[in-house]
Amino acid sequence: MPKSEVKTSLLDNMIGVGDSVLLEPLTEDTFLENLKNRFDHSEIYTYIGSVVISVNPYRHLPIYTPEKVEEYRNRNFYELSPHIYALADEAYRSLRDQDKDQCILITGESGAGKTEASKLVMSYVAAVCGKGAEVNQVKEQLLQSNPVLEAFGNAKTMRNDNSSRFGKYMDIEFDFKGDPLGGVISNYLLEKSRVVKQPRGERNFHIFYQLLSGGSEDLLKQLKLEREFNQYNYLGLDSAKVNGVDDAANFRTVKNAMQIVGFMDDEVELVLEVVAAVLKLGNIEFKPESRVNGLDESRIQDKNELKEICELLGQDQAVLERAFSFRTVEAKQEKVSTTLNVAQAYYARDALAKNLYNRLFTWLVNRINESIKAQSKVRKKVMGVLDIYGFEIFENSNNSFEQFIINYCNEKLQQIFIELTLKEEQEEYIKEGIEWTHIEYFNNAIICELIENNTNGILAMLDEECLRPGTVTDETFLEKLNQVCAVHERFESRMSKSSRFLNDTTLPHNCFRIQHYAGKVMYHVEGFVDKNNDLLYRDLSQAMWKTNHVLVKSLFPEGNPVKMSLKRPPTAGSQFKASVATLMKNLQTKNPNYIRCIKPNDQKAPHIFAEALVRHQVRYLGLMENVRVRRAGYAFKQPYESCLERYKMLCSQTWPHWRQGSRDGVKVLLTELQIPPEEFSYGRSKIFIRNPRTLFELEDLRKRRLEDLATLIQKIYRGWKCRTNFLLMKKSQIIISAWTKRHFQRKKYLQLKNVTLIIQSYIRGWKARKLLRELKHQKRCEESATTIAAYWRGFQVRREYRKFFRANAGRKIYEFTIQRIMQKYFLEMKKKLPSMSPTEKTWPPRPYFFLDDTHTELKRIFHLWRCKKYRDQFTEQKKAIFEEKLEASELFKDKKALYTNSVQQPFQGDYLEISKNPKYQKLNGAVEEKIVLADVVNKINRANGKVAPRIFLLTQSNFILADQKSGQIKSTIPVMDITSVSVSKQTDGLFAVHLKEGSTAAAKGDFLFTSDRLIEIITKLYRTIFFKTNQKINVEINNEFLVQFNQDKVCVKFIQGAQKNGNLPTCKRKNNRLLEVTVP
Ligand SMILES: Nc1ncnc2c1ncn2[C@@H]1O[C@H](COP(=O)(O)OP(=O)(O)O)[C@@H](O)[C@H]1O
Ligand SMILES: [Mg+2]
């Protein structure tokens, strides 16, 4: 839906009319009625075309919220109900988008809400322009400059609790994007007389009260101040407290704001010192003192205050005291000092206080400017906001020079308003090519002329008077006016030369009256000359320059004697005139936006709409004229595009789309609606509607048509919605069915594919098998053919070659082969033969299976041969020894434990060598035969088992026992008598020799011997007996055997036990039957 359709309009939900131009009928009464009606409904803003009228509500309205800011942001001026934000937005956007410098002119009398309006505009612009840390700081500084300036420049007056006592024009500077860069503030004519004197019911500037209420004890002590207001002459006592104003809290706000704006702590301190000094100046009092020469002199009553001021400002007390007592006038080269009387001293004091404060204020503005000035040098767009004091009329001819100046300024503003508004309006008609008859309105240029004309204007006269030598008083000034301005139609004076007012008793003699655009104002001439001169005695400015106070010193540069000039400073009037002229020039270069503030009542109360008061303001502000001018030609104008956009639905040709130019569209539209042609005119880019009623008719038609359209839209929307729904469903259905069909088709396809694959595989299998069979068959055929061919060829070859073979050729070949193999075998065996040692067991493996038997046999033969070879190397002697050893082995091996020891011992046989030993010569002689064995053995006594050594001598036929020492033969026993021998199984050397029963040798019984060489002895004995008798004796090996002792048969029993004397057995005859032998 296009955005424009939902937009509301100025004309929607309107209370009265939002734009007074639409009033019908237009009279002052209806105008006021409309304002009142809207005011009662909390609609404080009303337009006259693009001018905003603001009626002070004197209460907080919920129309300045951030939501409101958003609502008005980027909307057209007439789109929403009237608001100051609409104007601010319009100004800001045309500044940003159309690159037009803007100024916001806020006028209205004191208390009408100008300052509030200026703050609202500034806060709106701050809210909608760019964001970001740097931009926010600039905004914050711009906004916070307000509380500082208000504290020093505002005061409670009868009309306004927070009345601006200075004019302020602030330029806010923006970059091309519309982000704020900084600002410049200009101030106009601070009402400095307020410092020393305030009208009843009014206060001095806020800062004095704020400092005394909000300053800490320490601060006050430092500034040498008392907290009570009534301590100070300069503070208006009767209205020191203002309802709903918390001076202490405001003091904190101001200090905080000063900090944000960029004041250093010491700067704040300096400022407060000056404020304190001004306050204390008021307490200096003078008393008259007559001198001898008759001149009046004055003296300071209580010097304590003076001393404290001097301490505060770092001033030499004597210097200041002198400055209050003398006045030095320098004329040409002369320097004349005159004393001051009391009145003059007070005048000097007050002048100093006013000047000090005024200069401090100017310094503050400059200081703020320094902080907020734009840093970058880029081209700037400017929005100026002018909040200047409003038109002021005091009753009882209390209007003085200040009011005169203020009203002059307002006169100038009215002038610029008239010029720009009316000129703009008229120019527009001309530009649009609309027939235009000039509208009469009161042009106040004539009043401006009366005041500012350089030759005979009031200000020029005043200056002339001030500069004139001779006695100059306010009265001489009035006289001058009476002469020069007498003929001016707007100037009234009792004594004027034209004598027009000679009988006007309402006009006192010391007053003159000016018919301002806003009404007649009577000015009291008293103080005009002084105030215009703005005289500060040179002694005082020099004294101020001499202080050690940095700030004060800088405020009085003319006090520097080096820079002293005798030229008079420009008068206050001419200064003001010049600055107003600059301001006007400045404003004229900018696109003006007007806010005209109206004060609804004098009580500062909400909900009261004092009609007379408002009527008066409406009159002097020229609002009716403003409306009339706007309406003179046409009440309402609108560009063709927006007009067509708003009303095109009223005509079938332009609805919904008009393809040609919007001007033609509007023409077609108005023709079809049958609106009388005199009701409108076609401009170049705008349609001008003469009568508001026509517009309302159009609006009514539009409203009704909108209802129809709403129904139509509803209808179409519903149809569209249903159709969309239907189409969606249809689409879904198609999608679903497509998917289903796809699914089934796919399933079918897969089935078919499977079946095909199976059939295919069967066919391929069958084909492959068939092929395999064929190939196999073919291969077999080929193989068979080859075999047959081979056999056939073999057969053929054999048949062919048979004649070449002998019958036994095969055998020969075989034998030859075998021979070769055998040959090889033996030759290789020769190399592989094992060692010749008979104990060697290894034998190389056989190479051929068929040689198995041969191989074993060969091994046997080799072994035998090896043994034979081994034996062949033995001598006869050695052979005998081996035979003996063999015999011993056969007898004892594995039977008697002693045997193993004997294996290594060679059998020597003759251990005694009887033939060589002379000791045995006799014995040797008795033995004829060859000695087989000769050794010493132990014979065991048959009776007690004791042992005795005996030579045991064995020959080929006997064995002889002889005494070991003497060789005396004890017994000779033929070997044939020996029947057997008995030994134990143990390692002992005991043996028994059994003798044949009945033989001579056997008379005493069998013999028992022990010998380590038992094995050798028995073996030799055995062999000897065998050689002699060819019989083998029995060798009994047992651990228990019987022996024959004399007639007894005794059992020899071996038992194991501990051995006492080496290997010798211990024998013990137990009884007749038992001989125990203990063996190891
Ligand atoms: N738009 C407003 N909404 C609420 N109160 C307002 C508004 N405008 C003015 N006022 C009240 O009126 C008083 C005077 O307004 P101010 O702007 O100081 O007047 P001026 O500057 O014209 O002398 C303000 O202190 C405030 O209380
Ligand atoms: Mg103000």
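Note that the structure is a prediction, hence the values are computed from the model and not measured. Note that ligands are numbered from 1 as they come in the structure, with each ligand's atoms numbered from 1 the same way. Positions are given from 1 along the sequence.
For the pair Arg628 and Glu625, the salt-bridge criterion is not met [side-chain N within less than 4.0 Å of a carboxylate O]. A salt bridge does not link Arg159 with Glu109: every distance from a Lys NZ or Arg NE/NH1/NH2 to an Asp or Glu carboxylate oxygen is 4.0 Å or more. Ion pairing between a basic and an acidic side chain is recognised when a charged N comes within 4.0 Å of a carboxylate O; Glu202 and Lys156 show no such pairing. Ion pairing between Lys412 and Glu452 holds under the 4.0 Å rule for side-chain N and carboxylate O. The existence of a salt bridge linking Asp350 and Lys197 is excluded, since no basic side-chain nitrogen approaches an acidic carboxylate oxygen closer than 4.0 Å. Using a cutoff of 4.0 Å between basic side-chain nitrogens and carboxylate oxygens, Lys68 and Glu71 are scored as salt-bridged. One finds a salt bridge joining Glu402 and Lys531 here, because a Lys/Arg side-chain nitrogen approaches an Asp/Glu carboxylate oxygen to under 4.0 Å. Under 4.0 Å is where a charged nitrogen must lie from a carboxylate oxygen, and between Arg203 and Asp161 no such pair does.
Using cut-offs of 30° and 60° on the angle between ring planes, the pair Phe205 and Tyr357 is parallel. Taking the six-membered ring where tryptophan is involved, the planes of Phe404 and Tyr523 are perpendicular, since the angle between them exceeds 60° and thus also 30°.
Using a 4.0 Å heavy-atom cutoff, Ser110 is listed among the residues neighbouring ligand 1. Under a 4.0 Å heavy-atom criterion, Ser163 is not in contact with ligand 1.
In terms of polar-atom proximity, Asn56 is counted as a contact of ligand 1, with an N or O under 3.5 Å from an N or O of the ligand. When only interatomic distances are considered, the shortest N/O to N/O separation between Ala112 and ligand 1 falls below 3.5 Å. Below 3.5 Å of separation, one finds an N or O of Gly113 facing an N or O of ligand 1. At a 3.5 angstrom cut-off on N or O pairs, Lys114 counts as close to ligand 1.
Atoms of ligand 1 found under 4.0 Å from any heavy atom of Tyr64 (numbered from 1 in listed order, with element): 1 (N). With ligand atoms numbered from 1 in the order given, ligand 1 contributes 18 (O) to contacts under 4.0 Å with heavy atoms of Asn162. Counting atoms of ligand 1 from 1 in the listed order, those under 4.0 Å from a heavy atom of Glu109 are 22 (O).
Proximity of the aromatic rings of Phe229 and Tyr209 is defined here by a centroid distance below 6.0 angstrom, and this criterion is met.
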Would His607 and Asp40 count as a side chain to side chain donor-acceptor pair (under 3.5 Å) here? Give the steps. CA-CA 7 Å; His607 303 296; Asp40 291 344; over 6 Å; no
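The nearest heavy-atom contact from the protein to atom 21 (O) of ligand 1 is Thr115 OG1, 2.6 Å. Protein heavy atom nearest atom 18 (O) of ligand 1, with residue, atom name and distance: Asn160 ND2, 2.9 Å. For atom 3 (N) of ligand 1, the closest non-hydrogen atom of the protein is Pro57 CG, 3.3 Å. Closest to atom 27 (O) of ligand 1, if we only count protein heavy atoms, is Tyr58 CD2, 4.7 Å. Among all protein heavy atoms, the one lying closest to atom 26 (C) of ligand 1 is Glu116 CG, 4.1 Å. The closest protein non-hydrogen atom to atom 4 (C) of ligand 1 is Arg59 O, 2.9 Å.
Taking CZ from Arg359 and CG from Leu364, the interatomic distance works out to 14.5 Å, rounded to the nearest 0.5 Å.
Around the Mg ion (ligand 2), protein atoms of type N, O or S found under 2.8 Å number 2.
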